[in-house]
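First comes the structure, then the notes that go with it.
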There are 2 protein chains.
Amino acid sequence: MTRSDAVEKRASPTVKRTKPKWGNPQTIEDQHRSKREALFLTAARAFNEAGFHNTTLDDIAARLHVAKPTLYYYVKNKDDILLECHRLAFAHMQDAIEETKRSSQTGMEKAHTFLLAYMELVCNPFGQCIIRTGLQPLTPQSRAKLLPIARRINASLQEIIRQGVDDGSIRECDIKLTTNAILGCFNSVAFWYNEGGTLKPADITLKYMDLFLDGLSP
Amino acid sequence: MTRSDAVEKRASPTVKRTKPKWGNPQTIEDQHRSKREALFLTAARAFNEAGFHNTTLDDIAARLHVAKPTLYYYVKNKDDILLECHRLAFAHMQDAIEETKRSSQTGMEKAHTFLLAYMELVCNPFGQCIIRTGLQPLTPQSRAKLLPIARRINASLQEIIRQGVDDGSIRECDIKLTTNAILGCFNSVAFWYNEGGTLKPADITLKYMDLFLDGLSP
DNA sequence: CCACTAAATGACTCTTAAGTCGATGACTCT
DNA sequence: AGAGTCATCGACTTAAGAGTCATTTAGTGG
């Protein structure tokens, strides 16, 4: 690679550093953070397209028009990248879980709120990364950090359905199995959802809810 | 490893060769085939437990009490192993597809037959391997061989549901979306199914069918 | 203009695991 | 017993890709 290439590479997506005045040091930290986020988003997209193990750090660096060692300025290692992608995805659900916990809706209504949030998770690059890449490539330590979060999501939906059965908004059913069925069904959207398409997460949620509510019997 | 260890290793699961008389050469070929099958089953189990990329050929060889180069006597390379695992799994579905094609049942009834077979696929080690490992680790060439088969399964279920809607045994619905929902839901069983448990594939199928047929409305 | 820090990189090292090869033991048939 | 396979393995090569480090460049504040 020639000298001028390198310069051109660095020029394109790298945000120009703005004056890190002592009075307003926020600016430079923001820059660092926004570059980190760009790194994760780019990595997640790459993982989703080619798979975690088929994506090298050189690939990710190339997408960012940067050399591999630069990544290590923002991130500890490859495992760390995936871990953070998962964390960012889960953060999105955290709010939805809290919201349904606080609200005084029926189980059915809560299920709708919760599942809409979940579908949005599953359709965004970080969520797709969770579903498609999974926890397997992570080190056992990183996996141990994420497993409780994943379990909490499952437990929250179980809780919601149980409440629904109690308040009569959902019919009697095997709660664990039903939860697994619904989540499995929603997860699978990560494999065919297309960001550019006309079908938006909210649309899919409605159609799936309809299917799960009224069933296929004529 | 000492000399005697090696001998002991070879002794245990390796079937003793039986006389490959010229008059009955079948015997020795069977032996070769059964060892190949053992290899694939062992590999599939290993992939399911640790993931494809976390499973080395040495791991698989160790499980078979054999040295790595021995594997290459039965198999071209690692890609070949995974490809064959997927092939073996799909073969199971082939029969079910043909059967539903030939039969004169209603769409609903065909769906039941088909989905029972599919659930059995998903719960057996090779099927789990398809779902959990996926096609991503395969070379593009191998992937190209399997993709049409996967599509055929999806298309077959679509066909069945379409017929069900036509003959009135299934209510009007978005056929593609419904197919994806059902298959996604069934696929996810591969992640929690436990061979030793009391819940058998047929039981899960019934419960899931019930859910999809009658829905969750009270 | 100079010292300082943030950011980036070229050119390495190191490890892991896939795949190869020649030699050897086991069994059968004549 | 000797020839001829089948099956197996120890020891090796090779490639890829993660991670490191010393160095350079660019922008900033005094």
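From a predicted model like this one, the values you see are computed outputs, not experimental measurements. Here is how names work: the chains are called A, B, and so on, in the same order as the sequence lines, proteins then strands, and each is numbered from 1.
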Looking only at the side chain of [X] (C-beta and beyond, no hydrogens), which of the listed nucleotides [options] gets closest?
| X | options | result |
| --- | --- | --- |
| H32(B) | dG19(D), dA7(D), dG10(C) | dA7(D) |
| P69(B) | dG10(D), dG19(C), dT9(C) | dG10(D) |
| V66(A) | dT9(C), dC9(D), dG19(C) | dT9(C) |
| Y74(B) | dA8(C), dT20(C), dA7(D) | dA7(D) |
| L57(B) | dA7(D), dA18(C), dT9(C) | dA18(C) |

Check your understanding: Does NZ or CZ of K78(A) come closer than 6.0 Å to the centre of the six-membered ring of F52(A), within 45° of the ring's axis?
Key -> yes
Measure the distance from [atom1] on [X] to [atom2] on [N] and round it to the nearest whole Å.
| X | N | atom1 | atom2 | result |
| --- | --- | --- | --- | --- |
| Q31(A) | dA26(D) | CD | C1' | 13 Å |
| L71(A) | dT9(C) | CG | P | 9 Å |
| D79(A) | dG17(D) | CG | P | 18 Å |
| F52(B) | dA17(C) | CZ | C1' | 12 Å |
| K76(A) | dG19(D) | NZ | P | 9 Å |
| N77(A) | dT15(C) | CG | C1' | 15 Å |
| H53(B) | dA18(D) | NE2 | P | 12 Å |
| D58(B) | dA18(C) | CG | C1' | 9 Å |

If we ignore angles and hydrogens, is there a donor and acceptor under 3.5 Å between the side chains of [X] and [Y]?
| X | Y | answer |
| --- | --- | --- |
| S103(B) | T100(B) | no |
| N124(A) | E120(A) | no |
| N187(B) | Y118(B) | yes |
| N54(B) | D59(B) | no |

Below 4.0 angstrom from OP1 or OP2 of [N], is there any side-chain N or O of [X]?
| X | N | value |
| --- | --- | --- |
| K35(A) | dA6(C) | no |
| Y72(B) | dA7(D) | no |
| T70(B) | dC9(D) | yes |
| Y73(A) | dA7(C) | yes |

**Study point:** Donor-acceptor pair (no angle test) under 3.5 Å: K68(A) side chain, dA18(D) base
**Key:** yes
Review point. Taking a pair as Watson-Crick or G-U wobble with both distances under 3.5 Å, which nucleotide is matched to dA7(D)?
Key: dT24(C)
